[in-house]
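Comments concern the structure below.
Note that ligands are numbered from 1 as they come in the structure, with each ligand's atoms numbered from 1 the same way.
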Amino acid sequence: MSYIVTAASLLLIFLWATVYLVDFPSFASSVLPTTVQQSSPSFNGSWYPPNQTQINDLEAVINGTDVFGFIFTDAYSAPSNAGDGIPNWCNMPHVNPKTYPVPPAGYTLEYVEVIHRHHKRTPYAANTFPRESYPWNCDDEGLFAYGKPLNPNGHDSRSTYWSVYTSLSNPFAPQGFNGTCQFPQITRGGLDDSWQHGKDLFEVYKDPLRSIFVHSSGQVAYRVTNNVITSQVAGMVAAAMSDSTTELSLAVQPASIDSLEPTYTCDAGAALYASYGVGSTDSNWTEHLTASQPLFDFLDNISGVAPNDPGFHQSWDHYFDNLSSRLCHGKPLPCKISNSASCVTTSTANAVFRLGLYEYSYIYRSSPQSLHASAASYGVYVAELAQNIRDSISGASAVIYKHNVAHDGSLAMLLSILQVDVMIWPGLGAEMVFEVYNKSGERFVRILWGGMLFRSSNPVLGLVDMLPLDTLLGYFDALVGVGADKIPDMCANTG
Ligand SMILES: *[C@@H]1O[C@H](CO)[C@@H](O)[C@H](O)[C@H]1NC(C)=O
Ligand SMILES: *[C@@H]1O[C@H](CO)[C@@H](O)[C@H](O)[C@H]1NC(C)=O
Ligand SMILES: *[C@@H]1O[C@H](CO)[C@@H](O)[C@H](O)[C@H]1NC(C)=O
Ligand SMILES: *[C@@H]1O[C@H](CO)[C@@H](O)[C@H](O)[C@H]1NC(C)=O
Ligand SMILES: *[C@@H]1O[C@H](CO)[C@@H](O)[C@H](O)[C@H]1NC(C)=O
Ligand SMILES: *[C@@H]1O[C@H](CO)[C@@H](O)[C@H](O)[C@H]1NC(C)=O
Ligand SMILES: *[C@@H]1O[C@H](CO)[C@@H](O)[C@H](O)[C@H]1NC(C)=O
């Protein structure tokens, strides 16, 4: 690891240890050693620790029983799964007419930007066990992929979709799940959840945004990442929001610089995460892996995963994805191929899920270094969001509703930058909404997280409920720069 990253880390630890309980709006750049100044943001506010909850309490994680109030089930595809108060990680709460916090009188909604994780999918191939006892089929949907000339003089094309298959003559057929899915793809249940998500947003925003969804397509814009699963979601969301099935363009950035996923190169950000999180030997990170070693041993024995497979053992990510995607689709938990009496139980799966939530909380919030790592790694999207808001207010852009379909990592880094008070692993469909209001010519902002008002541990932001817009934009600008002009230096590979 480079000197500069180390120095920046030490600086953040120093700040955290000395002043984190004090609300200080900025610190003079003169306190920064020159080498750090070049690669560090000038913070408008500092890192503040998240609330103390069971999620970041290792004893509750290791010795607990439930999943801190979350359930994992395919049973809820309902519009407002917050309705009964139990969030379903497989279809997270989002803005909907039943639970929407109605804004006070006098505030006119001017701009909305939504960002959410895609919906239910199969696991990624890397998260499947070496051998599986059942296949996974996706014959109940088509993944449409085709090119079509936009030039009106071109020939028309047919609407074509993929049928996934393997052949007996292909000796490289998957040893994990077989069947007719791409691993990953959004499943049929995920498509249904995507449609409902769009419908719920439409019901809430159609009137305050003056029925733009039916009247003016230029005021509504969709953006996806270079990973096709987000386009699979966007098609369903957009159909539900417009009652139209005509073709629609989805904004997407080149795969190598995509800021929404994100994929832009940020070596220093990645190095900082790796210095304290997944793959590090820092005892603050490894203590939960050590404490959960018996669980690894048990699951390795059932799954056939090699105990020295780093992908499965540097974090709980793979086992989490592997087990949660089964429960999210109503599939059974796995048993040992050679002994069908040796199975993963619900209580074992819950232990894995607690560990996954704990890891996200540590990587993105509990570590004092998380703010800098996330600002570098996701600062470009944050700067784009700030610019979208400015362009809407100034009239430079006609867009008043912008909808982004992203990933768990995208949401996690955004929550990290905004310093959410209680961090979780963002589940399927997990959603943040930025609402900009006009009251007598002054602008205010609300942030909704899971359909409810968002609370930051940073007192400059606090409960983001009609916060003066300039406070939020000032926070973003100070962290990442207007036009993300601080990010190239923050990301530079420092050797
Ligand atoms: C976090 O702590 C603050 C301050 O005590 C409290 O107001 C807030 O409700 C807590 N957040 C959650 C999600 O419990
Ligand atoms: C879990 O409980 C056991 C038995 O009471 C205890 O020895 C262990 O320290 C606990 N684990 C953690 C991480 O607190
Ligand atoms: C879970 O991991 C096992 C073992 O590698 C694999 O066979 C299986 O396909 C995985 N399942 C999911 C849903 O990831
Ligand atoms: C894969 O599918 C074939 C055909 O359905 C089946 O015979 C085979 O047992 C399956 N293998 C696994 C590992 O699921
Ligand atoms: C580990 O955590 C402790 C207590 O939270 C903290 O004092 C220490 O600085 C952390 N170490 C590192 C390397 O982050
Ligand atoms: C692995 O599982 C089998 C049951 O299938 C059990 O008999 C054996 O003790 C287990 N081994 C370990 C190391 O847990
Ligand atoms: C919003 O504020 C501007 C002043 O910046 C004012 O001219 C405009 O009428 C307001 N719009 C609404 C809908 O209140």
Side-chain angles (χ1 to χ4, degrees), residues 20-21 23 47-70 82 85-87 89 92-93 99 101 129-131 133 283-309 312-313 316 319 333-345 347-348 350-362 364-366 411-412 415-416 418-427 430-432 446-465 467:
Y20 79 85
L21 289 176
D23 174 10
W47 170 84
Y48 289 78
N51 290 14
Q52 268 304 321
T53 65
Q54 289 184 308
I55 293 174
N56 46 27
D57 171 357
L58 188 55
E59 173 150 23
V61 169
I62 297 295
N63 285 337
T65 51
D66 68 354
V67 197
F68 308 135
F70 284 92
I86 305 173
W89 196 89
M92 291 281 283
T99 60
F129 292 161
R131 287 190 60 210
S133 50
S283 63
N284 284 351
W285 168 255
T286 56
E287 65 176 336
H288 80 286
L289 297 177
T290 305
S292 55
Q293 188 58 49
L295 191 57
F296 274 130
D297 294 341
F298 177 77
L299 287 167
D300 291 347
N301 189 4
I302 286 184
S303 66
V305 169
N308 60 358
D309 177 331
F312 269 85
H313 300 98
W316 279 96
Y319 273 121
L333 290 167
C335 297
K336 194 168 179 169
I337 298 279
S338 61
N339 178 359
S340 59
S342 177
C343 299
V344 176
T345 62
S347 109
T348 304
N350 285 351
V352 173
F353 301 150
R354 287 194 300 277
L355 284 155
L357 295 176
Y358 171 90
E359 288 183 346
Y360 267 69
S361 180
Y362 180 74
Y364 296 101
R365 286 293 287 118
S366 294
L411 272 289
L415 289 163
S416 173
L418 287 162
Q419 304 191 47
V420 68
D421 61 352
V422 176
M423 182 69 194
I424 57 164
W425 183 335
E431 175 206 78
M432 295 186 83
R446 294 203 309 181
I447 302 177
L448 303 176
W449 162 227
M452 296 296 157
L453 290 167
F454 170 91
R455 186 186 291 277
S456 171
S457 299
N458 186 319
V460 169
L461 303 178
L463 186 71
V464 185
D465 182 17
L467 184 73

**Message:** Using a 4.0 Å cut-off to any heavy atom of Lys336, which atoms of ligand 6 qualify?
**Reply:** 1 (C), 2 (O), 3 (C), 5 (O)

**Complete:** A student checking ligand 1 against Asn51 at a 4.0 Å heavy-atom cut-off should list atoms 1 (C), 2 (O), 3 (C), 8 (C), 10 (C), 11 (N), 12 (C), 14 (O)

**Message:** Is the ring pair Trp285/His288 parallel, tilted or perpendicular, if the boundaries are 30 and 60 degrees?
**Reply:** perpendicular

**Request:** Compare all side-chain heavy atoms of Leu418 with those of Val464 and state whether any distance is below 4.5 angstrom.
**Result:** no

**Proximity of Phe296 and Trp316 rings by center, below 6.0 Å** = yes

**Request:** Find all atoms of ligand 1 within a distance of less than 4.0 Å from any non-hydrogen atom belonging to Val422, and give their numbers and elements.
**Result:** 12 (C), 13 (C)

**Fill in**
Atoms of ligand 6 under 4.0 Å from any heavy atom of Ser342, numbered from 1 in the order shown, are 5 (O)

**Request:** Fit a plane to each ring of Trp425 and Trp89, take the angle between them on a 0 to 90° scale, and name the class: parallel (under 30°), tilted (30 to 60°) or perpendicular (over 60°).
**Result:** perpendicular

**Prompt:** Less than 4.5 Å apart, any side-chain heavy atom of His313 and any of Leu289?
**Reply:** no

**Prompt:** Heavy atoms under 4.0 Å from ligand 2: which residues qualify?
**Reply:** Glu59, Ile62, Asn63

**Complete:** Exactly one of Leu411, Thr53, Ile55 clears side-chain contact (heavy atoms from CB on, under 4.5 Å) with Ile424, and that residue is Ile55

**Request:** Give a yes-or-no answer on whether the side chains of Thr286 and Ser283 include a donor-acceptor pair shorter than 3.5 Å.
**Result:** no

**Asked** Do Thr65 and Asn350 touch side chain to side chain, with heavy atoms closer than 4.5 Å?
**Response** no

**Prompt:** Numbering the atoms of ligand 6 from 1, which are under 4.0 Å from a heavy atom of Asn339?
**Reply:** 4 (C), 5 (O)

